[in-house]
Amino acid sequence: MKKILILLIFSVLTLFAKEGTMEIKLSFENNEMIVLLEDNAAARELYEMLPLKLNFSDYARKEKVAHLPKNLSLSNTQGYNPQIGDFFYFSPWGNIGIYYEKQPPYQGLVYLGKIKGDVSKLRGIKADFEVLITRVE
């Protein structure tokens with residue numbers, strides 16, 4: 001009986017944890033990328049702004065960036081060490097972006113989430129491109 005109760009509690013907690021996650025889809029040039037968003041104020045604000053259609057461009061041959069229509073919250077955010085596949089907010093410029101190459105830490109970076117899968121296809125996109133960002137529900 002005790003094992004069944006523990007299993008039931010674990011199942012319910014897993015269900016609630018899944019419901020609380022925020023995932024978004026980036027659709028562009030016949031491609032899709034899924035992002036698992038972090039649970040922070042900036043990511044929640046971005047999630048509430050969706051859907052968004054933004055123009056992304058290359059920056060420093062290491063990241064793709066787009067300017068948001070409004071700034072995101074910086075409350076309870078800390079700097080972090082960027083990794084390939086990170087979805088981020090750069091607060092000084094009001095940009096969101098995706099790292100496809102390694103970048104050093106920089107003041108004003110906010111971690112928004114992680115791309116699920118391979119981001120290497122971004123390296124080959126040279127021109128600006130439009131991205132539709134929607135919620136995964």
Side-chain angles (χ1 to χ4, degrees):
M1 180 68 175
K2 197 174 196 179
K3 288 181 182 179
I4 294 172
L5 183 59
I6 291 171
L7 184 59
L8 181 62
I9 290 170
F10 179 75
S11 298
V12 169
L13 290 175
T14 303
L15 177 65
F16 283 118
K18 177 71 175 153
E19 286 181 10
T21 61
M22 295 180 294
E23 288 186 333
I24 60 174
K25 178 171 56 174
L26 310 177
S27 303
F28 59 96
E29 297 188 351
N30 297 318
N31 292 294
E32 289 184 351
M33 291 182 163
I34 301 296
V35 181
L36 178 59
L37 291 178
E38 182 75 358
D39 185 17
N40 63 33
R44 286 189 296 274
E45 285 180 15
L46 177 66
Y47 192 75
E48 291 303 317
M49 293 168 66
L50 301 180
L52 282 174
K53 196 177 277 191
L54 300 174
N55 289 314
F56 277 72
S57 59
D58 197 79
Y59 184 77
R61 289 182 289 216
K62 294 184 179 195
E63 60 195 74
K64 300 296 185 185
V65 297
H67 190 74
L68 287 174
K70 73 175 208 165
N71 290 333
L72 300 177
S73 172
L74 298 178
S75 70
N76 296 324
T77 59
Q78 306 170 16
Y80 79 101
N81 186 18
Q83 302 297 312
I84 293 171
D86 285 354
F87 187 64
F88 66 89
Y89 174 60
F90 185 60
S91 61
W93 294 349
N95 290 344
I96 58 171
I98 303 165
Y99 290 118
Y100 63 88
E101 295 288 347
K102 186 73 173 111
Q103 283 281 60
Y106 195 85
Q107 182 105 13
L109 281 177
V110 176
Y111 180 73
L112 294 177
K114 191 71 165 179
I115 302 289
K116 290 181 170 182
D118 186 17
V119 296
S120 64
K121 64 181 104 184
L122 294 175
R123 190 176 298 113
I125 302 174
K126 303 300 181 198
D128 293 358
F129 59 103
E130 189 173 77
V131 177
L132 176 61
I133 307 173
T134 56
R135 295 179 187 186
V136 174
E137 307 214 33

How long is the span from the [atom1] atom in [X] to the [atom2] atom in [Y], to the nearest 0.5 Å?
X	Y	atom1	atom2	answer
Lys114	Ile84	NZ	CD1	8.0 Å
Ser91	Leu109	OG	CG	7.5 Å
Glu137	Glu23	CD	CD	11.0 Å
Leu36	Thr21	CG	OG1	6.0 Å
Ser57	Lys126	OG	NZ	13.5 Å

Hey, what's the ring geometry for Tyr99 with Phe88, parallel, tilted or perpendicular (30° and 60° as the breaks)?
->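 Rings of Tyr99 and Phe88: parallel, as their planes differ by under 30°.
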Please test Leu68 against Leu52 for side-chain contact (heavy atoms from CB on, under 4.5 Å), starting from the C-alpha separation and ending with a verdict.
-> CA-CA 9 Å; Leu68 287 174; Leu52 282 174; 4.0 Å; yes
Any donor-acceptor N/O pair, Glu45 side chain to Ser73 backbone, under 3.5 Å |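 Checking the backbone N and O of Ser73 against the side chain of Glu45, a donor-acceptor pair under 3.5 Å is found.
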Under 3.5 Å, is there a donor-acceptor pair between the side chain of Lys102 and the main chain of Lys62?
->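 No: the side chain of Lys102 does not pair with the backbone of Lys62.
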Do Asn55 and Glu130 have side-chain heavy atoms sitting under 4.5 Å apart?
->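 When only atoms from C-beta onward are counted, Glu130 and Asn55 do touch, with a gap below 4.5 Å.
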Does the side chain of Glu63 reach to within under 4.5 Å of the side chain of Pro82, using non-hydrogen atoms?
->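 Not touching, per the 4.5 Å side-chain cut-off.
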Hey, is [atom1] on [X] packed in by over 12 heavy atoms from elsewhere, all under 6.0 Å?
X	atom1	result
Gln107	CD	no
Lys25	NZ	no
Lys70	NZ	no
Tyr80	OH	yes

[X]-[Y] co-clustered via ILVMFWY side chain contacts under 4.5 Å:
X	Y	result
Leu26	Phe90	no
Tyr89	Tyr111	no
Val131	Leu50	yes
Ile34	Val119	no
Ile115	Val65	no

Knowing that exactly one of Tyr100, Tyr106, Trp93 qualifies, which makes a ring-ring contact (aromatic ring centres under 6.0 Å, His included) with Tyr59?
->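 The passing option is Trp93.
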Please report the shortest heavy-atom distance between [X] and [Y], naming the atom on each side.
X	Y	result
Met33	Leu122	CE-CG, 3.9 Å
Asn71	Gly94	OD1-CA, 3.7 Å
Leu72	Ala42	CD1-O, 3.7 Å
Ala43	Leu112	N-CD2, 3.6 Å

Charged N to carboxylate O under 4.0 angstrom, Arg135 versus Glu48?
->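 Looking at Arg135 and Glu48, the cut-off is met.
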Charged N to carboxylate O below 4.0 Å: is that the case for Arg61 and Glu101?
->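 Looking at Glu101 together with Arg61, the answer is no, because their closest N to O distance does not fall below 4.0 Å.
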Start with the C-alpha gap between Ile98 and Val35, add the side-chain angles, then the distance that decides, and say whether side-chain contact (heavy atoms from CB on, under 4.5 Å) holds.
-> CA-CA 10 Å; Ile98 303 165; Val35 181; 6.0 Å; no
What's the verdict on side-chain contact (heavy atoms from CB on, under 4.5 Å) for Phe28 and Ile125, showing C-alpha distance, side-chain angles and the deciding distance?
-> CA-CA 11 Å; Phe28 59 96; Ile125 302 174; 3.7 Å; yes
For the pair Lys64 and Asp58, evaluate side-chain contact (heavy atoms from CB on, under 4.5 Å) and give the outcome as yes or no after the intermediate values.
-> CA-CA 5 Å; Lys64 300 296 185 185; Asp58 197 79; 2.8 Å; yes
